[in-house]
Amino acid sequence: MKNFAGSDILSTMDFSREEIEHIIAVAEQFVPVAFKEKTSNLLENKIMAALFYEPSTRTRLSFESAMNRLGGRVLSVVGAENSSLAKGETLWDTGKMVESYVDVIVMRHPTPGSPKEMAESANVPVINAGDGGGEHPTQALLDVFTVMREHKTIDGLTIALVGDLKYGRTVHSLSYLLSHFKVKLILVSPEKLKMPAEIIEHFKKNQVEFEETEDLSVALTKAQVLYDTRVQKERFSDVNEYEKYKHYYVLTKELVEKYNPKLTIMHPLPRVGEIHESVDALPGAAYFRQAQNGVALRMALLAMVLGKA
Ligand code: NCD
């Protein structure tokens, strides 16, 4: 297993099963601190830069909460318009400068590959907090952490990925992680929003059992975990096309109760109509627990790349 101290977190393709399980185990140790039952000064005197050039609520706040609760400090840039990127500064130059101010950089950017570009210049660990329609590795790690907490296992589960599988970066990163486990995947999307070909190839190469369908009821019948996603409006060049798909699937309490009342329902959030509020009352509605798990998972990652766990 690699030594995480000083390393970047850019893509879930970089992780082995052993490393995924190790991160989950470390995250579990941080749960009492994340859930406000214990205090910690583990990252005292460490500074994290949160460079968010795209909208975010959960990812930025949970990273900031993680850092603050471990006694560290945070510098934030929110919105490209509030940084020198708006003046034409390159990511390379930004990385060179920010490395001298902080110990770790967490970055979200609309262009796939940009966290990697920053990691090439900055001499501190860079964590990808979402790069356009590319990847979102820390979300996917908190997703597998959540599946483990809800089910005590990942092996043996049938997991449905539903919605915008083309542009949804969380399902891309999650797919690479789940490929290490003995899962069956059901990929539910409209034809136009199917999982990218390279990820389908990855499933085939790694002998991951999967089926593709447009029919949500297939997932509701067979899956133990349903991972729903928002149609990614900001990635559509044609707004009419987005309008056509935005409510293609709407999960309701009635549907869940009809097919599988015990279904675990996950979503990276924000939801914009694809999960009806009535679903929240079901015991399997795990999306707010999932968001809460993000703090412990991000504590683990920060502590690991800073050489403290
Ligand atoms: C996701 C994202 O930014 O990709 N949100 C998140 O980080 N929890 C999902 C989304 O925006 O649809």
Side-chain angles (χ1 to χ4, degrees), residues 9-12 27 34 48 50-67 76-80 106-115 126-147 160-178 187-190 193 195-196 199 226-236 241-243 245-251 265-275 279-280 285-299 301-302:
I9 309 281
L10 299 175
S11 162
T12 52
M48 174 187 102
L51 309 181
F52 277 68
Y53 303 123
E54 256 198 345
S56 170
T57 302
R58 270 152 298 274
T59 305
R60 185 170 64 80
L61 292 186
S62 62
F63 261 115
E64 293 193 358
S65 172
M67 195 65 189
S76 293
V77 172
V78 179
V106 177
M107 179 196 186
R108 171 170 289 191
H109 194 281
T111 310
S114 35
V126 173
I127 301 178
N128 177 3
D131 57 336
E135 280 211 52
H136 194 348
T138 69
Q139 175 70 44
L141 286 163
L142 81 85
D143 297 337
V144 293
F145 179 47
T146 300
V147 175
L161 306 178
V162 178
D164 186 349
L165 306 184
K166 178 178 180 188
Y167 297 118
R169 56 193 174 196
T170 72
V171 281
H172 300 162
S173 289
L174 185 56
S175 293
Y176 293 125
L177 294 185
L178 292 176
L187 310 175
V188 186
S189 72
L193 298 179
M195 191 64 96
I199 298 182
L226 187 150
Y227 186 99
D228 204 359
T229 63
R230 167 181 74 91
V231 177
Q232 306 280 297
K233 183 179 184 183
E234 62 274 47
R235 314 284 172 226
F236 283 73
E241 189 84 348
Y242 166 72
E243 290 295 325
Y245 292 116
K246 67 176 183 188
H247 291 149
Y248 204 82
Y249 303 111
V250 177
L251 200 62
I265 302 149
M266 296 174 59
H267 193 303
L269 302 176
R271 62 174 158 182
V272 287
E274 60 278 357
I275 300 182
V279 175
D280 300 1
Y287 28 92
F288 294 119
R289 295 194 288 277
Q290 181 183 356
Q292 191 180 16
N293 291 336
V295 178
L297 190 282
R298 288 174 171 129
M299 282 178 170
L301 290 178
L302 289 168

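As the structure lists them, so they are numbered: ligands from 1, and atoms in each ligand from 1.
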Per-atom contacts of ligand 1 with Gln232, taking only distances under 4.0 Å to non-hydrogen atoms
10 (C), 12 (O)

What verdict does the side-chain contact (heavy atoms from CB on, under 4.5 Å) test give for Leu187 and Leu161, after you've listed the backbone C-alpha separation in whole Å, the side-chain angles of each residue and the deciding distance to 0.1 Å?
CA-CA 5 Å; Leu187 310 175; Leu161 306 178; 3.9 Å; yes

Polar proximity ligand 1 side, Pro270 side, N/O cut 3.5 Å exclusive:
no

With the threshold set at under 4.0 angstrom, would you say Arg108 reaches ligand 1 through any of its heavy atoms?
yes

Element-labelled atoms of ligand 1 that are located less than 4.0 Å from some non-hydrogen atom of Thr59:
6 (C), 7 (O)

Modelled atom types, side-chain donor and acceptor of Tyr287 and Asp280, under 3.5 Å
yes

Counting only nitrogen or oxygen atoms and a 3.5 angstrom limit, does Glu234 reach ligand 1?
no

Flag for Thr59-Gln139: side-chain donor and acceptor within less than 3.5 Å
no

Nearest non-hydrogen protein atom to atom 8 (N) of ligand 1, with distance, is Pro268 O, 2.9 Å

Step by step, would you call Arg58 with Gln290 a side-chain contact (heavy atoms from CB on, under 4.5 Å)?
CA-CA 11 Å; Arg58 270 152 298 274; Gln290 181 183 356; over 6 Å; no

Within a strict 4.5 Å, meaning less than it, do heavy atoms of the Leu226 and Leu251 side chains meet?
yes

Could you label the plane-to-plane angle of the Phe236 and Tyr245 rings as parallel, tilted or perpendicular, counting under 30° as parallel and over 60° as perpendicular?
tilted

Mark up the atoms of ligand 1 that fall under 4.0 Å of a heavy atom belonging to Arg230, in ascending order.
10 (C), 11 (O), 12 (O)

Closest protein heavy atom (residue, atom, distance) for atom 5 (N) of ligand 1
Leu269 O, 3.0 Å

I need the nearest protein heavy-atom contact for atom 4 (O) of ligand 1: residue, atom name and distance, please.
Arg169 NE, 2.7 Å

Pick out which of Lys246, His267, Arg230 makes a side chain to side chain donor-acceptor pair (under 3.5 Å) with Glu274.
His267

